[in-house]
Amino acid sequence: MTLDFLGNLQRTHMCGDLRASNAHEHVVVMGWVNRRRDHGNLIFLDIRDRSGITQVVLDKELSPEAHAKAEAARSEYVVAAIGTVRRREAGLENPRMDTGEIEVVASEILLLNESKGLPFSPADEAIANEEVRLKYRYLDLRRVEMQKNFRLRHEVTRAVRNYLSDNGFLEIETPFMTRSTPEGARDYLVPSRVHPGHFYALPQSPQIFKQILMVSGFDKYFQIARCFRDEDLRADRQPEFTQIDLETTFPQQSLIFKFVEGFLTAAFKTAGIELKPPFVQMTYDEAIRNYGIDKPDMRLPAMVDLTATLTPELREALKIEQQLPVLGFVIPAAGVMSGTQKRSLVDEIRKFFGDCGLDYLDIARLKTNADFVPLAESIQNVFADALDEEWGLNPAGGEELMVVITPKLGTPAMWNFDPQWIYKKVGGLRLELAKKFADKHGLHNQTGTAADFKFCWVTDFPMYEWDEQAKVWQAAHHPFTSPHEDDIKAGRLTTDKGAVRALAYDIVLNGTELGSGSIRIHRKDVQAEIFRSLGMDEAEQKARFGFFLDALEYGTPPHGGIALGLDRIVMILAGASSLREVIAFPKTAKAIDLMVDAPTEVSDQQLRDLSLRTVTRT
RNA sequence: GGGGACGUAGCUCAGUUGGUUAGAGCGCUGCCCUGUCACGGCAGAGGUCGCGGGUUCGAGCCCCGUCGUCCCCGCCA
């Protein structure tokens with residue numbers, strides 16, 4: 001096959017931009033052959049570029065040479081079509097194409113490049129399996145869906161950049177080759193050639209650097225920052241990912257929230273979604289009590305506390321622990337269930353709880369016993385009140401699945417020293433059943449409006465977590481997170497660690513943690529107190545954070561910030577269920593890049609340069 | 001580290017209780033076709049059933065191991 005040279009030919013239009021108003025214009029479009037429809041003396045080529053697809057017509061009578069080239073063209077050949085835009089005759093338009101009103105009548109075709117037989121066609125509706133997609137990622141990325149995702153990602157990033165820039169933030173880059181920062185994850189290491197046996201670490205986040213930028217007086221910083229964590233992957237976790245990272249001097253929590261709500265609103269607007277800030281705010285405690293989790297999925301009704309409906313006598317009669325909470329929740333529109341379906345559901349619930357003491361209480365069965373009818377009714381009333389206000393649901397309709405969970409006699413008040421475990425357990429069941437009935441209630445489906453996106457802020461996280469194995473209190477966040485000033489003043493750092501609240505906050509979208517931030521400690525005395533309460537002596541402090549503690553001693557202003565996962569934002573906005581759909585060259589669950597085949601072994605020479613030797617671990 | 005699902009043609013999949021020569025759709029190749037847009041018609045090529053071992057007269061199917069992809073737990077403050 002003889003290929004044509006591009007010469008000085010210039011593209012005049014993008015394929016997707018041609019409209020009826022371009023009729024009679026002489027145009028040059030370039031792109032890939034999406035499909036070829038050969039009718040003998042008449043050939044249609046669908047030419048695709050980033051902007052869309054346009055139909056090019058080749059008529060053997062009008063231009064035999066161009067027709068012959070089109071005959072030779074195959075899927076994904078790169079071509080240039082030179083011709084005239086023609087308004088399609090009535091009846092020949094294709095309303096399903098943006099460019100369906102017109103076609104390009106080609107006088108000339110250039111075959112700029114050919115393509116091997118494809119493992120899969122980017123034009124196909126059926127999607128190949130992920131292994132093949134990732135190996136031939138360049139073909140996968142040609143698909144309209146992927147092009148759309150990356151355009152969205154670009155628009156989101158641009159909106160965030162513009163918003164933060166317009167609000168006084170400076171974009172400053174921090175190093176990729178650095179030393180371990182105090183995040184909890186495993187580091188990716190880079191060996192130093194110049195310093196044998198020494199390693200740089202790739203940043204898990206720019207945390208320390210951005211705090212130092214505050215010490216440096218930059219006042220407001222942001223960065224679209226790549227971060228690296230050497231931990232096992234999930235659908236929503238890749239070893240390298242991108243954070244929208246920001247920090248500001250003299251912050252109030254509310255100020256950070258305002259900035260984040262601002263850039264998210266701007267970002268979602270690029271996708272046609274009008275968010276209405278301010279977002280819902282709740283404390284960690286409220287989140288646990290109402291949703292049983294610190295990242296509430298507010299697309300479904302919250303849990304309902306039914307504790308007040310049970311008198312001590314009723315608890316006695318129903319063999320329910322006296323002091324523990326009784327919780328319930330509703331799965332909307334789960335549908336009327338047969339006896340068999342109901343029994344298997346109850347079995348499933350009991351299996352979910354195992355032998356922790358929690359049990360399903362059947363409202364329908366309560367009603368069969370005159371003694372318990374008032375209880376059943378009052379439970380239903382509590383449900384009705386809760387659902388009527390916010391959700392406009394009527395639990396008496398029979399379509400809603402009402403789940404009531406009671407602690408049986410002997411249920412422990414604490415589980416792993418956690419007094420809130422019942423809330424968490426029931427909250428877990430709520431999410432499980434929400435997933436199970438997702439097809440029925442449809443509340444996880446996107447409708448293309450702001451209602452699809454339920455944001456909330458979770459505040460006042462506990463400062464410490466009890467580590468039962470090590471029998472010590474651990475910092476729940478990185479150790480530069482400031483405690484509430486009230487808790488410091490009240491001396492709780494020493495007397496009541498479990499009650500100390502951190503000035504830390506998460507932003508949550510549809511049950512996914514999008515980001516996490518805090519007001520930092522800027523005073524040396526408070527920092528020392530935190531380290532002391534964590535049982536970290538001065539030598540250890542110095543070894544781990546010495547340079548940073550030094551910096552804090554030279555006039556550190558109050559400061560704080562947040563970081564949001566850009567990939568996750570785009571994923572949810574795109575309605576995708578894996579980060580791989582919004583990361584151009586992602587890695588597999590085993591952290592392999594199937595396209596470039598990384599990681600690989602390296603040459604002996606490379607290892608020698610780095611003073612490294614590999615050994616087989618036994 | 002642990003649990004689960006999957007692996008059959010280039011792609012998406014079917015394949016009966018273990019029984020002859022492993023099928024379909026799409027794609028691909030050739031020929032025909034001037035209004036298709038998932039074009040159509042005719043003909044054709046294409047398979048180490050992921051890999052290794054075992055059971056059996058006989059394995060795509062059963063068993064063991066192994067590799068790969070995906071999902072989850074652990075892990076990721």
Side-chain angles (χ1 to χ4, degrees), chain A residues 33-48 53-62 67 70-71 74-76 86 88-103 105 115-136 139-140 181-187 204-205 207 227-239 241 294 428 431-432 435 461-465 467 473-481 502 504 506 513 516-518 534 563 565 577-578 580 586-592 594 597:
Chain A
V33 175
N34 198 61
R35 277 209 174 80
R36 182 180 64 121
R37 290 178 295 282
D38 186 347
H39 289 235
N41 290 326
L42 189 70
I43 298 176
F44 300 96
L45 291 183
D46 286 346
I47 308 298
R48 183 193 70 239
I53 293 173
T54 223
Q55 172 169 288
V56 174
V57 198
L58 288 300
D59 190 322
K60 193 168 189 177
E61 272 179 30
L62 293 178
H67 178 272
E71 217 163 30
R74 293 290 180 273
S75 286
E76 300 306 308
R86 174 165 73 192
R88 295 199 200 178
E89 285 171 37
L92 298 183
E93 299 108 331
N94 184 349
R96 287 184 300 153
M97 281 175 88
D98 290 338
T99 59
E101 281 184 324
I102 56 93
E103 62 195 356
V105 183
S115 166
K116 282 213 294 192
L118 299 153
F120 63 93
S121 165
D124 266 3
E125 322 246 308
I127 303 170
N129 75 61
E130 283 221 56
E131 215 173 329
V132 180
R133 288 178 61 199
L134 289 176
K135 178 163 183 205
Y136 300 95
L139 295 180
D140 189 43
T181 54
E183 317 291 323
R186 209 172 281 118
D187 286 317
Q204 295 178 32
S205 90
Q207 184 64 35
C227 306
F228 306 86
R229 292 181 187 177
D230 186 6
E231 295 294 343
D232 286 352
L233 287 79
R234 289 283 190 284
D236 60 354
R237 267 166 32 194
Q238 282 274 314
F241 58 98
D294 61 358
L431 290 179
E432 186 104 346
K435 209 193 292 175
F461 276 77
M463 183 80 186
Y464 299 98
E465 274 167 2
D467 183 340
W473 289 97
Q474 300 275 10
H477 317 271
H478 64 72
F480 309 114
T481 301
D506 278 3
E513 181 195 316
S516 189
S518 65
L534 290 170
S577 53
S578 160
R580 293 184 299 275
K587 292 175 181 61
T588 69
K590 289 226 169 102
I592 287 172
L594 289 174
D597 184 26

Can you find a donor-acceptor N/O pair under 3.5 angstrom joining the side chain of A:Arg74 to the base of B:G27?
no
Counting only side-chain N and O atoms of A:Arg580, is one of them less than 4.0 Å from OP1 or OP2 of B:C71?
yes
In Watson-Crick or G-U wobble terms, with both distances under 3.5 Å, the base opposite B:A24 is B:U12
Are more than 12 heavy atoms from other residues, nucleotides or ligands located less than 6.0 Å from atom CD of A:Glu432?
no
Rounded to whole angstrom, note down the C1' distance from B:G15 over to B:C72.
30 Å
Give me the distance, rounded to whole Å, that separates B:A22 from B:U36 when you measure between the C1' atoms they each carry.
36 Å
Look at the side chain of A:Lys590 and decide which nucleotide, out of B:A77, B:G68, B:U34, has an atom nearest to it.
B:G68
Rounded to whole Å, please give me the gap between CG in A:Leu118 and P in B:G27.
12 Å
d(CG, A:Asp38; P, B:U29) in whole Å
12 Å
Candidate nucleotides B:C70, B:U34, B:G35, ranked by approach to the side chain of A:Asn41 - the nearest
B:U34
Determine, answering yes or no, if A:Phe120 is stacked on B:C11 under the 5.5 Å centre rule and the 30° plane rule.
no
Distance between the C1' atoms of B:G19 and B:U66, in whole angstroms?
29 Å
A:Ala185 side chain, from C-beta outward: closest of B:U36, B:C76, B:C71:
B:C76
Between atom NZ in A:Lys587 and atom P in B:C70, what is the gap in whole Å?
13 Å
Out of B:C72, B:G35, B:G74, minimum distance to the side chain of A:Gln55 belongs to B:G35
Could you tell me the separation between the CG atom of A:Leu92 and the P atom of B:C39, rounded to a whole number of Å?
16 Å
Provide the distance between the two C1' atoms, one in B:G2 and one in B:U21, to the nearest whole Å.
45 Å
Heavy-atom check, side chain of A:Arg580 versus side chain of A:Gln238, under 4.5 Å
yes
Which listed nucleotide (B:U34, B:C71, B:C76) is nearest to the side chain of A:Arg229?
B:C76
Who is the Watson-Crick or G-U wobble partner of B:G65, with both distances under 3.5 Å?
B:C51
Non-hydrogen side-chain atoms of A:Gln55 and A:Arg88 separated by less than 4.5 Å
yes
Look through every strand shown and name the nucleotide pairing with B:G18 as Watson-Crick or G-U wobble, where both distances are under 3.5 Å.
none
Measure from CZ on A:Arg36 to C1' on B:U36 and round the result to the nearest Å.
13 Å
Does the pair A:Glu231/A:Arg237 count as a salt bridge with the N-to-O cut at 4.0 Å?
no
Base of B:U36 and ring of A:His39 stacked, centres under 5.5 Å, planes under 30°:
no
Quick one, A:Val33 and A:Arg74 - any side-chain contact, counting heavy atoms below 4.5 Å?
no
What interatomic distance, in whole Å, is found between P of B:G53 and the corresponding atom of B:C76?
42 Å
Sub-4.5 Å side-chain heavy-atom contact between A:Leu45 and A:Leu58:
yes
Watson-Crick or G-U counterpart of B:C39, or none if no pair lies under 3.5 Å:
none
Minimum-distance nucleotide (side-chain atoms of A:Thr588 versus B:U69, B:C39, B:G35)
B:U69
Could you check which of B:U36, B:U69, B:C71 has an atom nearest any side-chain atom of A:Glu131?
B:U69
Please tell me if A:Ser75 has a side-chain N or O lying less than 4.0 Å from either OP1 or OP2 of B:C28.
yes
Between B:C39, B:G35, B:C70, spot the one nearest the side chain of A:Arg37, thanks.
B:C39
Using atom CD of A:Glu93 as one end and atom P of B:U36 as the other, report the distance to the nearest whole Å.
12 Å
Is the base of B:G7 touched by the side chain of A:Asn129 through a donor-acceptor pair closer than 3.5 angstrom?
no
Measure from the side-chain N and O atoms of A:Arg37 to the backbone N and O of A:Phe44, and report whether any donor-acceptor pair falls under 3.5 Å.
no
Among B:U69, B:U36, B:C37, which is the nearest nucleotide to the side chain of A:Leu594?
B:U69
B:C37 base to A:Arg35 side chain: any donor-acceptor pair below 3.5 Å?
no
Can you tell me which nucleotide in B:C37, B:G74, B:C11 comes closest to the side chain of A:Arg96?
B:C37
Looking only at atom C1', what distance separates B:U56 and B:C42, rounded to whole Å?
45 Å
In whole angstroms, how far is the C1' atom of B:U34 from the CG atom of A:Leu45?
15 Å
Would A:Glu61 and A:Asn41 count as a side chain to side chain donor-acceptor pair (under 3.5 Å) here? Give the steps.
CA-CA 8 Å; A:Glu61 272 179 30; A:Asn41 290 326; over 6 Å; no
Using atom CG of A:Asp294 as one end and atom C1' of B:C76 as the other, report the distance to the nearest whole Å.
13 Å
Quote, to the nearest angstrom, the C1' distance that separates B:C11 from B:G47.
14 Å
Interatomic distance at P, B:G65 relative to B:G4, whole Å:
12 Å
